[in-house]
**Q** 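Structure below; questions to follow.
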Amino acid sequence: MPESPKSAKRPLRSLITGGAGFVGSHLCERLIAEGHEVICIDNLLTGRRENISQLIDHPRFVFIEHDVTRPIDVPQLRSRTDGRLNPGNHLDYVLHLASPASPKDYARHPIHTLKVGGLGTYHALGVAKAYQSAFLIASTSEVYGDPEINPQNEGYWGHVNPIGPRSCYDEAKRFAEAITMAYHRQHGVRVRIARIFNTYGERMRLDDGRVLPNFIPQALEGRPLTVYGDGRQTRSCCYVSDLVDGLYRLLVSNETGPINLGNPEEVTILELARKVIEQTGSSSTIVFEPLPVDDPMQRRPDITKAQTLLGWTPKVALTEGLAKAVSYFKDKLHETGASRPVAAH
Ligand code: NAD
Ligand code: UDP
């Protein structure tokens, strides 16, 4: 029988899937900073070892390379972690973040995306059930699809094309939310559903394909910024430190959710391109390319629930976050030697 979390004085223990990814690696750091023991599981499909290299020797951190579309072997998990972590069968939290998240990534891996949202969530829930852990799922604003209301609140059921090119991601996350609620209702698993809106910052890959990892290097290298469509579609961009704080607050709360986590500062993509050009002092121009199929026209979170239930409000304004992101991508371009002369200031 798993120990009750309250039965002994010991560090809290968390298992996080997708922990070597962009958001997951920041969350691993936060969990370690909060004193948790952290078991990070990742198959490195879109994540990287270097994201967790600073944690790898930490006595409260264990990395297991594993594909969570395959069963997570609970006894094996126990024996593989016991060498490193304090003995005991307990697992207080399971956080399921594993999934390609960039449209470019899930277009490359549509079946895997469905499998990790479906089978991966099922396996992670199985662990939470076996260990009586609280379970957090990283869901997405994509469950709202191309929304007919703006801002989007959690009561909105969404407007998703079930067979379009984005459906592998959107429907996988909708299934993930559904099975999470089924485990809650049928097995009493304590669950928390986070609906994450566009997040950016340090550790995004140069080839990530999402809007800021495209725009910022383009501006830094003096290449044209590729705006898809006419750029009138909107997004609301949240800096990663704010998101991680929201996720942590939700994790340790008793809120089932779903709860939107995002920064309500909404901009059009054309405005975003201009802001990046201004921030980098680049001489880049803007080119217009075709709008991807089913690209949502508007996205802005209603964060009333997060504010009232979690006391959470994002602190990093877009201009401040962009400055941090620009500095990160500058270093990244330098490191990889991919940098052509940086645009004149
Ligand atoms: P990411 O691609 O950087 O991270 C995902 C991680 O999951 C990677 O490390 C990848 O290797 C891992 N992974 C994928 N399939 C796996 C599998 N089968 N087994 C084990 N590991 C696997 O993406 P991210 O931006 O850090 O997103 C993290 C989570 O947050 C995702 O679930 C995503 O859907 C959700 N989310 C992110 C955003 C955002 O703007 N970043 C927005 C909404 C939702
Ligand atoms: N986008 C763009 N140029 C790019 C990359 C993305 O205009 O080089 C647009 C994309 O069409 C979408 C928005 O930026 O309208 C955000 O795209 P992203 O891939 O970051 O995430 P999404 O919100 O679509 O999941």
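In listed order, ligands and their atoms are each counted from 1. Not measured: the values here are computed from a predicted model.
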**Q** What's the shortest heavy-atom distance between Thr113 and Pro100, and which atoms?
**A**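 Looking at all heavy atoms of both residues, the closest pair is OG1-CG, 3.5 Å.
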**Q** CD1 of Ile16 to OH of Tyr93: how many Å apart, nearest 0.5 Å?
**A**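 Output value for this atom pair is 13.5 Å.
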**Q** Heavy atoms only: which of Ser99, Gly21, Ala101 lies closest to atom 7 (O) of ligand 1?
**A**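 Answer by nearest heavy atom: Ser99.
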**Q** Short list, please: which atoms of ligand 1 are under 4.0 Å from a heavy atom of Ala20?
**A** 9 (O)
**Q** Regarding ligand 1, does Arg48 bring an N or O atom to under 3.5 Å of one of the ligand's N or O atoms?
**A** no
**Q** Below 3.5 angstrom, do we get any N/O pair linking Ser139 and ligand 1?
**A**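 Looking only at distances, the answer is no, because the N/O contact criterion of under 3.5 Å is not met.
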**Q** Can you find a side-chain donor-acceptor pair between Gln298 and Asp146 that sits under 3.5 Å?
**A** no
**Q** Establish, from distance only, whether the side-chain atoms of Thr226 and Glu289 form a donor-acceptor pair under 3.5 Å.
**A**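 No, Glu289 and Thr226 have no side-chain donor paired with an acceptor closer than 3.5 Å.
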**Q** Applying side chain to side chain contact (heavy atoms under 4.5 Å, CB included) between Ile196 and each of Leu97, Asn260, Leu243, report the one that passes.
**A** Leu243
**Q** Please give me the minimum heavy-atom distance between Val293 and Arg166, naming the atom from each residue.
**A**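 Closest approach of Val293 to Arg166, heavy atoms only: O-CD, 4.0 Å.
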**Q** Here's a test for you: under side chain to side chain contact (heavy atoms under 4.5 Å, CB included), which of Ile64, Asp67, Val116, Val68 qualifies with Asn43?
**A** Asp67
**Q** Between Glu265 and Lys315, does any NZ, NE, NH1 or NH2 come within less than 4.0 Å of an OD or OE carboxylate oxygen?
**A**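 Looking at Lys315 and Glu265, the cut-off is not met.
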**Q** Considering distance alone, does some N or O of Asp42 sit under 3.5 Å from an N or O of ligand 1?
**A** yes
**Q** For atom 40 (O) of ligand 1, what's the nearest protein heavy atom and its distance?
**A**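 Protein heavy atom at minimum distance: Thr199 N, 2.8 Å.
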**Q** Between Cys237, Ala138, Gly120, flag the one that comes closest to atom 30 (O) of ligand 1 by a heavy atom.
**A** Ala138
**Q** Evaluate the side-chain proximity of His123 to Pro71: yes if any heavy-atom separation is below 4.5 Å, no if none is.
**A** yes
**Q** If you measure every N/O of Val68 against every N/O of ligand 1, is any gap under 3.5 Å?
**A** yes
**Q** Provide the closest heavy-atom pair for Gly120 versus His96 in the form atom of the first, atom of the second, distance.
**A** C-NE2, 3.6 Å
**Q** Going by the rule side-chain contact (heavy atoms from CB on, under 4.5 Å), which residues pair with His26 if we only count those two or more places apart in sequence or in a different chain?
**A**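 His26: side-chain contact (heavy atoms from CB on, under 4.5 Å) contacts with Phe22, Glu29, Glu202, Arg203, Val240, Val244.
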**Q** Would you mind reporting whether Ser284 and Pro224 have side-chain heavy atoms less than 4.5 Å apart?
**A**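 Pro224 does not reach Ser284 side chain to side chain.
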**Q** Between the side chains of Glu266 and Ser236, does any donor sit under 3.5 Å from an acceptor?
**A**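 The answer is no; no qualifying pair exists.
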**Q** Can Arg205 be said to touch ligand 1, with heavy atoms closer than 4.0 Å?
**A**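 Heavy atoms of Arg205 never come under 4.0 Å of ligand 1.
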**Q** Using heavy atoms and a 4.0 Å limit, tell me yes or no: is His66 in contact with ligand 1?
**A** yes
**Q** Taking the six-membered ring for Trp and the full ring for Phe, Tyr or His, determine whether the centres of Tyr200 and Tyr239 are under 6.0 Å apart.
**A**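 Under 6.0 Å, so yes.
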**Q** Please could you name the atoms of ligand 1 that Gly47 approaches to less than 4.0 Å, counting only its heavy atoms?
**A**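 Reading through ligand 1 atom by atom, the close ones are 8 (C), 9 (O), 10 (C), 11 (O).
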**Q** Got a sec, which residues hit salt bridge (charged side-chain N to carboxylate O under 4.0 Å, His left out) with Asp208, two or more places apart in sequence or on another chain?
**A** Arg210
**Q** Report every pair formed by an N or O atom of ligand 2 and a protein N or O atom separated by less than 3.5 Å, giving atom names and the distance to 0.1 Å.
**A**
residue, atom, partner, partner atom, Å
ligand 2, 3 (N), Thr226, O, 2.5
ligand 2, 7 (O), Tyr228, N, 2.7
ligand 2, 8 (O), Asn214, ND2, 2.8
ligand 2, 8 (O), Thr226, O, 3.2
ligand 2, 8 (O), Thr226, OG1, 2.9
ligand 2, 8 (O), Tyr228, OH, 3.3
ligand 2, 11 (O), Asp295, OD2, 2.6
ligand 2, 15 (O), Gln233, NE2, 3.0
ligand 2, 15 (O), Arg235, NH2, 3.3
ligand 2, 15 (O), Asp295, OD1, 2.6
ligand 2, 15 (O), Asp295, OD2, 3.3
ligand 2, 20 (O), Val211, N, 2.8
ligand 2, 23 (O), Asn198, ND2, 2.8
ligand 2, 23 (O), Arg235, NE, 2.6
ligand 2, 23 (O), Arg299, NH1, 2.7
ligand 2, 24 (O), Arg166, NH2, 3.0
ligand 2, 24 (O), Arg235, NH2, 3.3
ligand 2, 25 (O), Arg166, NH2, 3.0

**Q** Please write out which residues are connected to Tyr144 in a hydrophobic cluster, directly or through intermediates, given that two of Ile, Leu, Val, Met, Phe, Trp, Tyr count as joined at side-chain heavy-atom separations below 4.5 angstrom.
**A**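 So far as hydrophobic clustering goes, Tyr144 is joined with Val143, Ile149, Tyr156, Phe197.
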**Q** Less than 3.5 Å between some nitrogen or oxygen of Leu97 and one of ligand 1, yes or no?
**A**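 N/O-N/O distance below 3.5 Å exists for this pair.
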**Q** Indicate the atoms forming the closest heavy-atom contact of Arg192 with Leu250, along with that distance.
**A**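 Nearest pair, atom of Arg192 first, then Leu250: CG-O, 3.5 Å.
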**Q** Given Tyr169, Phe197, Tyr200, which has its nearest heavy atom closest to atom 36 (N) of ligand 1?
**A** Tyr169
**Q** Please indicate whether any nitrogen or oxygen in Thr140 is less than 3.5 Å from any nitrogen or oxygen in ligand 1.
**A**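 Looking only at distances, the answer is no, because the N/O contact criterion of under 3.5 Å is not met.
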**Q** Only heavy atoms of Asn198, strictly under 4.0 Å: list the atoms of ligand 1 that pass.
**A** 40 (O)
**Q** Contact between Asp67 and ligand 1, counting heavy atoms under 4.0 Å?
**A**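 Per 4.0 Å heavy-atom rule, Asp67 contacts ligand 1.
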**Q** Short N/O distance, under 3.5 Å, between Arg210 and ligand 1?
**A**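 Yes; at least one N/O pair falls below 3.5 Å.
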**Q** I'd like to check whether Lys173 has a polar contact with ligand 1, where a contact means an N/O of the residue lying under 3.5 Å from an N/O of the ligand.
**A**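 Min N/O separation from ligand 1 is below 3.5 Å for Lys173.
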**Q** Which one of Ile196, Leu261, Asn43 has a non-hydrogen atom at the shortest distance from atom 16 (C) of ligand 1?
**A**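 The nearest heavy atom belongs to Asn43.
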**Q** Any idea which protein heavy atom is nearest atom 1 (P) of ligand 1, and the distance to it?
**A**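 Here the nearest protein heavy atom works out to Thr46 OG1, 3.8 Å.
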**Q** N/O to N/O below 3.5 Å, does that happen between Ala98 and ligand 1?
**A**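 Between Ala98 and ligand 1 (N or O atoms, distance only) the closest approach is not under 3.5 Å.
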**Q** Does His112 approach ligand 1 within less than 4.0 angstrom via side chain, backbone, both or neither, non-hydrogen atoms only?
**A** side chain
**Q** Return the closest protein heavy atom for atom 26 (O) of ligand 1 as residue, atom name and distance.
**A**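 That would be Val23 N, 2.8 Å.
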**Q** In the protein, which heavy atom is nearest to atom 3 (O) of ligand 1, and how far is it?
**A** Phe22 N, 2.9 Å
